[in-house]
Enquirer: 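Right, I'll just put the structure down here and ask away after.
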Amino acid sequence: MAEQIVQREYIARINKVLDYVENNLSQSFTLDELADVANFSKYHFHRIFMALTGETLFQFITRVRIERAADMLCYKLDKSIQEIAMDCGFNDASVFARNFKKRFNISASAWRENKNQYANSNLSQVLSNIKQDRLGASYYLSDENFKLFHRMKTKPTIEIKDLPEMPVAYVRSTGPYKGNSQLFEGMFAKLCGWAGPRNLLGSGTKTIIVYHDNPDITEEEKLRVSACVPVPADTAVNGEIGKMVIPAGKYAMGRFEIGTDGFQDAWGYMCADWLVNSGYQPDDRPCFELYHNDHRQHPEGKFILDICIPVKPL
């Protein structure tokens with residue numbers, strides 16, 4: 001039991017570092033700085049990080065920067081490649097170009113050009129090699145799905161809303177999650193087991209799933225997903241329970257009532273049908289699903305949820 005508590009504390013501290021890096025990609029990081037975020041000695045932090053993530057600190061930072069840049073190249077068309085590289089923390093264009101080519105076996109300019117042609121077979125092959133048919137929120141923002149013809153029988157209600165900051169407590173998983181209902185049930189069981197005794201759950205409490213990575217780009221073993229519940233901003237967390245803030249801003253929110261087999265069509269409708277005709281483009285805040293019910297209590301076992309995509313004017 002004591003060993004599990006220690007392990008959870010280590011995971012919580014490393015999650016803080018992952019969140020910190022992701023939220024500050026444009027800046028430079030020092031070992032001392034990130035060790036302070038994790039509250040570990042700088043002499044041991046790097047080894048602990050490697051043991052828990054399977055990557056060195058440098059590998060993680062570089063990978064997340066490159067993957068963020070790859071996403072931004074697809075929809076921030078008003079920015080040059082060099083500007084995007086700088087936004088993602090690359091001050092040297094040659095270093096960015098070399099790392100991008102190494103990660104995707106294609107130059108950043110070719111990536112942008114092919115992504116905007118939508119039907120380029122060479123890019124489709126690159127993406128298929130990376131993706132391996134994965135499921136997740138960011139997957140449905142891929143250009144490949146812009147070619148899909150939606151199969152929604154009833155069009156959902158979609159509203160544009162300005163949401164305030166939302167502090168949430170979370171349990172996070174790293175790795176494959178497509179179709180793994182037991183994984184999500186286990187994450188929420190842990191989260192609710194922590195939140196219940198602290199009077200953080202009520203009849204109106206909504207649960208949230210946040211997708212941190214784009215499965216078109218991030219390897220399946222490194223995909224991060226968080227099961228969340230809203231909490232007061234001053235809520236104290238510990239162990240494997242982390243706390244983060246879902247950013248304020250404008251979101252497209254589509255209301256769906258679907259079974260377990262309806263998620264792909266729902267995300268496909270939002271992005272392959274609605275988004276491309278909406279006058280909006282996706283922003284670089286995380287996508288999330290906001291759940292309004294416990295599907296186990298629904299007479300047909302359906303989920304009632306909002307699919308929430310951060311947007312800004314095209």
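Here the structure is a predicted model, which means the values were calculated and not measured. One is the number of the first residue; the rest follow in order along the sequence.
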Enquirer: Can you sort out the partners of E300 under salt bridge (charged side-chain N to carboxylate O under 4.0 Å, His left out), two or more places apart, ordered by chain and number?
Expert: K302
Enquirer: In the single-linkage hydrophobic clustering (I, L, V, M, F, W, Y; side-chain heavy atoms under 4.5 Å), do L31 and Y20 co-cluster?
Expert: yes
Enquirer: Can you classify the ring geometry of Y211 versus W267 as parallel (below 30°), tilted (30 to 60°) or perpendicular (above 60°)?
Expert: perpendicular
Enquirer: Evaluate the criterion side chain to side chain contact (heavy atoms under 4.5 Å, CB included) for residue pair I61 and L34; output intermediate values, then yes/no.
Expert: CA-CA 11 Å; I61 293 171; L34 297 181; 3.9 Å; yes
Enquirer: Compare all side-chain heavy atoms of I208 with those of M166 and state whether any distance is below 4.5 angstrom.
Expert: yes
Enquirer: With rounding to the nearest 0.5 Å, note down the distance linking CD in E257 to CD1 in I304.
Expert: 4.5 Å
Enquirer: Would you give the length of the straight line joining atom CG of L223 to atom OH of Y177, rounded to the nearest 0.5 angstrom?
Expert: 4.5 Å
Enquirer: Considering only distance and modelled atom types, tabulate donor-acceptor pairs under 3.5 Å from the side chains of residues 191-202, sequence neighbours left out.
Expert:
from : atom 1 : to   : atom 2 : distance (Å)
R198 : NH1    : W194 : O      : 2.8

Enquirer: If hydrophobic clusters are built from ILVMFWY residues whose side chains come within less than 4.5 Å, do I14 and F58 share one?
Expert: no
Enquirer: What residue pairs, at least two apart or across chains, pass salt bridge (Lys or Arg N to Asp or Glu O under 4.0 Å) with a residue in residues 26-39?
Expert: D32-K42
Enquirer: Strictly below 4.0 Å, N to O, side chains only: are E67 and R103 in salt-bridge contact?
Expert: yes
Enquirer: Do I11 and M50 share a hydrophobic cluster (ILVMFWY, side-chain heavy atoms under 4.5 Å, transitive)?
Expert: no
Enquirer: With sequence neighbours excluded, give me every salt bridge (Lys or Arg N to Asp or Glu O under 4.0 Å) pair touching residues 224-236.
Expert: E22-R224, D213-R224
Enquirer: In a check of side chain to side chain donor-acceptor pair (under 3.5 Å) between D87 and each of K79, R65, R68, which one passes?
Expert: K79
Enquirer: Testing the basics here: between W111 and C74, what is the closest heavy-atom pair and its distance to 0.1 Å?
Expert: NE1-SG, 3.6 Å
Enquirer: Could you tell me which non-hydrogen atom of V311 sits nearest to which non-hydrogen atom of A252, and how far apart they are?
Expert: CG2-N, 3.9 Å
Enquirer: Using salt bridge (charged side-chain N to carboxylate O under 4.0 Å, His left out) as the criterion, list what pairs up with D92, not counting sequence neighbours.
Expert: none
Enquirer: Provide the closest heavy-atom pair for A266 versus I307 in the form atom of the first, atom of the second, distance.
Expert: CB-CD1, 3.7 Å
Enquirer: Not counting sequence neighbours, which residues clear side-chain contact (heavy atoms from CB on, under 4.5 Å) with E240? List them please.
Expert: R8, K190
Enquirer: Under the salt bridge (charged side-chain N to carboxylate O under 4.0 Å, His left out) test, which residues partner R255, sequence neighbours left out?
Expert: D306
Enquirer: Mind checking side-chain contact (heavy atoms from CB on, under 4.5 Å) for E165 and listing every partner two or more places apart, or none if nothing turns up?
Expert: V245, A248
Enquirer: In terms of relative ring orientation, are F303 and Y291 parallel, tilted or perpendicular, with 30° and 60° separating the classes?
Expert: perpendicular
Enquirer: Kindly write out the residues that satisfy ring pair (Phe, Tyr, Trp, His ring centres under 6.0 Å) with F60, not counting sequence neighbours, or none if the list is empty.
Expert: F49
Enquirer: Can you tell me how far CG of L163 sits from CE of M253, rounded to the nearest 0.5 angstrom?
Expert: 5.0 Å
Enquirer: Can you tell me how far CD1 of I246 sits from OG of S226, rounded to the nearest 0.5 angstrom?
Expert: 9.0 Å
Enquirer: Compare every heavy atom of V237 with every heavy atom of G242, then report the nearest pair and how far apart it is.
Expert: O-CG1, 3.9 Å
Enquirer: What's the separation between atom CD1 in I258 and atom NE2 in H295, rounded to the nearest 0.5 Å?
Expert: 11.5 Å
Enquirer: Looking at side-chain heavy atoms only, is the closest gap between V210 and R172 below 4.5 Å?
Expert: no
Enquirer: Side chains of F45 and N39, heavy atoms from C-beta outward: is any pair under 4.5 Å?
Expert: no
Enquirer: On a heavy-atom basis, which atom in K243 and which in Y170 lie closest, and how many Å separate them?
Expert: N-CE2, 3.4 Å
Enquirer: So do P310 and C287 actually touch side chain to side chain, heavy atoms under 4.5 Å?
Expert: yes
Enquirer: Side chains of S173 and L183: closer than 4.5 Å at any heavy-atom pair?
Expert: yes
Enquirer: Where is the tightest heavy-atom contact between V17 and A38, given as atom of each residue plus distance?
Expert: CG2-CB, 3.5 Å
Enquirer: With a 4.5 Å cut-off on side-chain heavy atoms, are V229 and T207 touching?
Expert: yes
Enquirer: Has the side chain of T62 got a donor or acceptor atom that lies under 3.5 Å from a matching backbone atom of Q59?
Expert: no
Enquirer: Report yes if some heavy atom in the side chain of V21 is under 4.5 Å from a heavy atom in the side chain of F29; otherwise report no.
Expert: yes
Enquirer: Under a 4.5 Å cut-off applied to non-hydrogen side-chain atoms, are E185 and R296 in contact?
Expert: no
Enquirer: Using a cut-off of 6.0 Å, state whether more than 12 heavy atoms not belonging to M86 lie near its atom CE.
Expert: no
Enquirer: What pairs with S109 under side-chain hydrogen bond (donor to acceptor under 3.5 Å, both in side chains), at least two apart in sequence or on another chain?
Expert: S107
Enquirer: Check the surroundings of atom CD in Q182: do more than 12 heavy atoms from other residues, nucleotides or ligands lie under 6.0 Å from it?
Expert: no
Enquirer: Could you state the interatomic distance from CG (D19) to CG (N24), rounded to the nearest 0.5 Å?
Expert: 10.5 Å
Enquirer: By ring pair (Phe, Tyr, Trp, His ring centres under 6.0 Å), which residues pair with F96, not counting sequence neighbours?
Expert: F90, F100
Enquirer: K76: which residues meet the salt bridge (charged side-chain N to carboxylate O under 4.0 Å, His left out) condition with it, sequence neighbours left out?
Expert: D284
